[in-house]
Amino acid sequence: AWNVGIQREVSATGSRPAIPRNDRGAINDNRGVVHNQLPLVRIETFLSKRLSALLDLSQWLGWLIAVTVLPPLVISLLTVYPIRRFAVQLGLVARPGGHSTHTNVTPLGGGIGIWSGIVVTFALGTIAVAILRSNTELQSHLPDFVVPHLEGGWSRVAQLWWLLGAGTVLTILGVIDDRGGVNPWLRLAVEFAVAAFVVYGLDFGLTAFISIAWLTKVLSVIWIVGLINSFNMLDNMDGLSGGVAAIIATSMAIVMLTTT
């Protein structure tokens, strides 16, 4: 209501009146009530930055989809089809029972298609960056916003492939588990080893606004293992695990692409 009063006064007089503030920058109204507008300013600034980032993103969304969405989609489809067709011969089938909601024998091994789509796409991307970063003639055919990121992308290639290697270990573990089962303790040990490598070896992890480094690293390892098993337990309906993963990945992509 106070803001509306100010807007009306501006409309009537053509100028904004002086806003009474206390010594900490908070606003005092005529009744002596203090209004701290800092949260509102922060929200407005945050929304303004997000809108600006989305407008910038719209200019090269076509390139983004062509490079990061279509290749893994096509590769995954091409990979999953033969796995689905020969699932019985490969021993990759889920029979009704247990925590599964399937009423018929259902092919497994969809994770191989997801793994192929990701790894092959990144392999092609790595090769492309390696060629483009040293070839100015080819760079002239790229959009202007891509070229400044070539060196930065190349500087993270080693870390990227170590991370993909960790994911590959988990994929192999999952395929073996789908075929004949893996001892739960062995599976948990491998998951903790992979998570520890990612956190302590590659320096990925959460902060949770906690300044105690050893605690955040331990929490990161536990979080990664928990996340792995959460998706494993979600895999009891067709499309459930992949659908949830797609929603999460899309949400993360939007946040990262609109954050400067």
Side-chain angles (χ1 to χ4, degrees), residues 57 60-94 106-133 135 138-139 141-143 145-147 149-150 152-179 190-191 194 197-198 202 204 224 227-228 230-232 234-257:
L57 179 62
W60 49 278
L61 193 58
W63 275 88
L64 188 69
I65 293 174
V67 173
T68 65
V69 177
L70 294 181
L73 175 62
V74 173
I75 294 166
S76 294
L77 287 172
L78 294 176
T79 307
V80 167
Y81 177 76
I83 294 172
R84 182 174 182 271
R85 184 175 179 83
F86 299 106
V88 176
Q89 293 91 321
L90 294 170
L92 294 172
V93 291
T106 305
L108 299 174
I112 300 174
I114 297 172
W115 175 87
S116 300
I118 293 172
V119 170
V120 174
T121 300
F122 273 116
L124 294 174
T126 300
I127 294 170
V129 172
I131 295 172
L132 290 169
R133 61 189 288 265
N135 192 316
L138 290 176
Q139 290 179 16
H141 298 287
L142 295 175
F145 63 84
V146 173
V147 177
H149 298 291
L150 292 176
W154 184 253
S155 69
R156 302 296 292 273
V157 163
Q159 189 180 40
L160 167 68
W161 281 100
W162 278 115
L163 184 63
L164 291 175
T168 300
V169 172
L170 295 176
T171 302
I172 295 171
L173 180 69
V175 172
I176 295 172
D177 192 30
D178 285 343
R179 288 203 66 196
V190 173
E191 291 169 355
V194 170
F197 169 73
V198 169
L202 300 181
F204 285 108
I224 292 172
L227 196 63
I228 293 168
S230 296
F231 276 95
N232 191 37
L234 274 175
D235 196 20
N236 64 343
M237 274 187 224
D238 288 344
L240 180 60
S241 184
V244 172
I247 293 170
I248 294 172
T250 302
S251 302
M252 291 178 66
I254 291 172
V255 171
M256 289 188 283
L257 291 169

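FYI, side chains are in, hydrogens and waters are out, and symmetry mates aren't considered; it's all heavy atoms of this structure. Keep in mind it's a predicted model, so treat the numbers as computed, not measured.
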How close do [X] and [Y] get, heavy atom to heavy atom, and via which atoms?
X	Y	value
Ala166	Val198	CB-CG2, 3.9 Å
Leu90	Arg179	O-NE, 2.9 Å
Leu132	Gln139	O-NE2, 2.7 Å
Ser76	Gly113	OG-O, 2.9 Å
Trp161	Thr126	NE1-OG1, 3.0 Å

Could you go through residues 65-72 and list every donor-acceptor pair under 3.5 Å that involves a side-chain atom there, pairing it with any protein atom two or more places apart or in another chain?
from, atom 1, to, atom 2, distance (Å)
Thr68, OG1, Leu64, O, 2.6

Counterpart residues, side chain to side chain contact (heavy atoms under 4.5 Å, CB included), relative to [X] (two or more places apart):
X	value
Ile118	Ile114, Phe122, Leu164
Val244	Phe231, Leu234, Leu240, Ile248
Leu124	Val120
Thr79	Ile75, Ile83, Ile112, Ser116

Name all residues meeting the side chain to side chain donor-acceptor pair (under 3.5 Å) criterion together with [X]; count only those two or more places apart in sequence or in a different chain, and write none if there are none.
X	value
Gln159	Arg156
Arg133	Glu151
Arg85	none
Ser230	none

| field | Step-by-step side chain to side chain contact (heavy atoms under 4.5 Å, CB included) determination, Thr168 to Ile172 | value | CA-CA 6 Å; Thr168 300; Ile172 295 171; 4.1 Å; yes
| request: Please name all residues satisfying ring pair (Phe, Tyr, Trp, His ring centres under 6.0 Å) with Trp154, sequence neighbours left out, ordered by chain then number. | output: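 Checked Trp154 against ring pair (Phe, Tyr, Trp, His ring centres under 6.0 Å); zero matches.
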| request: Applying ring pair (Phe, Tyr, Trp, His ring centres under 6.0 Å), name anything that partners Phe197, two or more places apart in sequence or on another chain. | output: Trp162
| query | Given Leu163 and Leu202, is the side chain to side chain contact (heavy atoms under 4.5 Å, CB included) satisfied, shown in steps? | reply | CA-CA 8 Å; Leu163 184 63; Leu202 300 181; 4.1 Å; yes
| message | Under the side chain to side chain contact (heavy atoms under 4.5 Å, CB included) test against Leu170, which residue among Ile228, Asn232, Ile224 passes? | response |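 Result: among Ile228, Asn232, Ile224, Ile228 is the only option passing the side chain to side chain contact (heavy atoms under 4.5 Å, CB included) with Leu170.
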| message | Can you pull out every side chain to side chain donor-acceptor pair (under 3.5 Å) where at least one residue sits in residues 240-252? Sequence neighbours excluded, please. | response |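 Qualifying pairs, neighbours excluded: none.
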